[in-house]
Amino acid sequence: QVQLVESGGGLVQAGGSLRLSCAASGRIFSSYAMGWFRQAPGKERAFVAAITWNAGNTYYADSAKSRFTISRDNAKNTVALQMNSLKPEDTAVYYCAAKRTTIIVPFITPREYDYWGQGTQVTVSS
C-alpha cells in the first residue's frame, strides 16, 4: 500500500545541517500521520518528530524541538526533516514512518506506525 524511501543522510561536522527527505507512494498519503525516528548503536529506536495528516500539528522530542523541523508536502507525497546545529549525539540511522490516521494527536511510539522506510545514516563528527 505505502512504500517509504528516505534520502539525504551523510557525514557532516558538528554544527552543520542536513535535510532528510521521505518519499511516499500512494494516493492516500494525505490521510497518514508521519513520523521520524532514529536508532543509534546499542539503543532502541527513538522518536524524533511527527506531523499530522493536514500538517497543522507537529511534535518533537526534547532533543529535537529547538534544532529540527518536520514538514510535509502532500501534493508531492514527501516529508522532510530539516536538522540544524547537529551534534555527535545525533548520529544514528534515521527512519521515516507512516500511520493510517487523521486523528490529531501525537504518535511517538514505533509500534503505533504501520509503514517504515529502510533508513538513512546520519553521522556527525566532532
Side-chain angles (χ1 to χ4, degrees):
Q1 295 183 36
V2 176
Q3 292 182 300
L4 307 174
V5 180
E6 303 97 333
S7 63
L11 176 64
V12 64
Q13 293 190 96
S17 298
L18 284 174
R19 184 177 179 86
L20 306 183
S21 294
C22 174
S25 66
R27 291 176 56 82
I28 59 174
F29 177 81
S30 62
S31 298
Y32 283 71
M34 304 295 297
W36 284 98
F37 292 77
R38 67 186 182 187
Q39 188 165 21
K43 302 291 186 179
E44 71 278 7
R45 192 165 298 187
F47 170 74
V48 177
I51 187 167
T52 54
W53 70 276
N54 62 350
N57 299 76
T58 57
Y59 312 95
Y60 297 93
D62 288 341
S63 62
K65 62 178 60 177
S66 63
R67 300 179 296 127
F68 295 2
T69 302
I70 187 172
S71 61
R72 71 190 298 165
D73 186 338
N74 287 350
K76 298 169 65 176
N77 281 4
T78 57
V79 179
L81 183 69
Q82 178 67 44
M83 304 187 294
N84 299 324
S85 301
L86 284 163
K87 307 173 181 178
E89 65 185 34
D90 295 318
T91 296
V93 176
Y94 283 70
Y95 297 90
C96 176
K99 176 177 177 61
R100 187 186 301 111
T101 182
T102 56
I103 299 173
I104 310 301
V105 296
F107 296 97
I108 63 174
T109 304
R111 60 177 169 269
E112 295 178 298
Y113 286 82
D114 303 307
Y115 304 98
W116 293 86
Q118 83 290 344
T120 185
Q121 177 71 47
V122 171
T123 302
V124 184
S125 65
S126 59

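Note that this is a predicted model, so its numbers are computed, not measured.
- I70 and V105 are members of different hydrophobic clusters when ILVMFWY side chains are connected at heavy-atom separations under 4.5 Å.
- Between the side chain of Y113 and the main chain of C96, no donor-acceptor pair closer than 3.5 Å is present.
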Identify each donor-acceptor pair in which a side-chain atom of residues 80-89 lies under 3.5 Å from a protein atom, sequence neighbours left out, and give them as a table.
residue, atom, partner, partner atom, Å
Q82, OE1, R19, NH1, 3.4
Q82, NE2, N84, OD1, 3.0
N84, OD1, S17, OG, 2.9

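- The list of disulfide (SG to SG under 2.5 Å) pairs with a residue in residues 43-85, not counting sequence neighbours, is empty.
- Of the possible donor and acceptor atoms, one in the side chain of E6 sits under 3.5 Å from a partner among the backbone N and O of Q118.
- Under the 4.5 Å side-chain heavy-atom criterion for grouping Ile, Leu, Val, Met, Phe, Trp and Tyr, Y32 is not connected to F47 through any hydrophobic cluster.
- F68 CZ to T58 OG1: the interatomic distance, rounded to the nearest 0.5 Å, is 14.0 Å.
- Screening residues 51-75 for salt bridge (charged side-chain N to carboxylate O under 4.0 Å, His left out) gives D62-K65, R67-D90 as the qualifying pairs, with residues at least two apart or on separate chains.
- Put simply, OG1 on T123 and CG on L18 are 9.5 Å apart, with the number rounded to the nearest 0.5 Å.
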Legend entry - side chain to side chain contact (heavy atoms under 4.5 Å, CB included) between S21 and K76, intermediate numbers included: CA-CA 11 Å; S21 294; K76 298 169 65 176; over 6 Å; no
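- Between A24 and L4 the shortest heavy-atom distance is CB-CD2, 3.5 Å.
- Scored by the ring pair (Phe, Tyr, Trp, His ring centres under 6.0 Å) test, W116 finds F37 as partners (sequence neighbours excluded).
- Under the 4.5 Å side-chain heavy-atom criterion for grouping Ile, Leu, Val, Met, Phe, Trp and Tyr, I103 is connected to Y59 within one hydrophobic cluster.
- Linking Ile, Leu, Val, Met, Phe, Trp and Tyr residues whenever their side-chain heavy atoms come within less than 4.5 Å leaves I51 and Y95 in two separate clusters.
- Sorted pairs that involve residues 111-126 and meet salt bridge (charged side-chain N to carboxylate O under 4.0 Å, His left out), not counting sequence neighbours, are lacking altogether.
- With hydrogens and angles disregarded, a donor-acceptor distance shorter than 3.5 Å links the side chain of S25 to the backbone of Q3.
- Grouped by direct or indirect side-chain proximity (heavy atoms under 4.5 Å, Ile/Leu/Val/Met/Phe/Trp/Tyr only), L11 sits alone.
- Side-chain atoms of T91 come within 3.5 Å of backbone N or O of V124 as a donor-acceptor pair.
- Nearest approach of Y94 to V48, heavy atoms of both residues: CE2-CG2, 4.4 Å.
- Here the side chain of Q39 pairs no donor or acceptor atom with the backbone of A92 at under 3.5 angstrom.
- In the hydrophobic clustering of this structure, V93 does not group with W36; members are Ile, Leu, Val, Met, Phe, Trp, Tyr whose side-chain heavy atoms approach within less than 4.5 Å, directly or through other members.
- Of all heavy-atom pairs spanning W53 and T101, the tightest one is CB-O, 4.0 Å.
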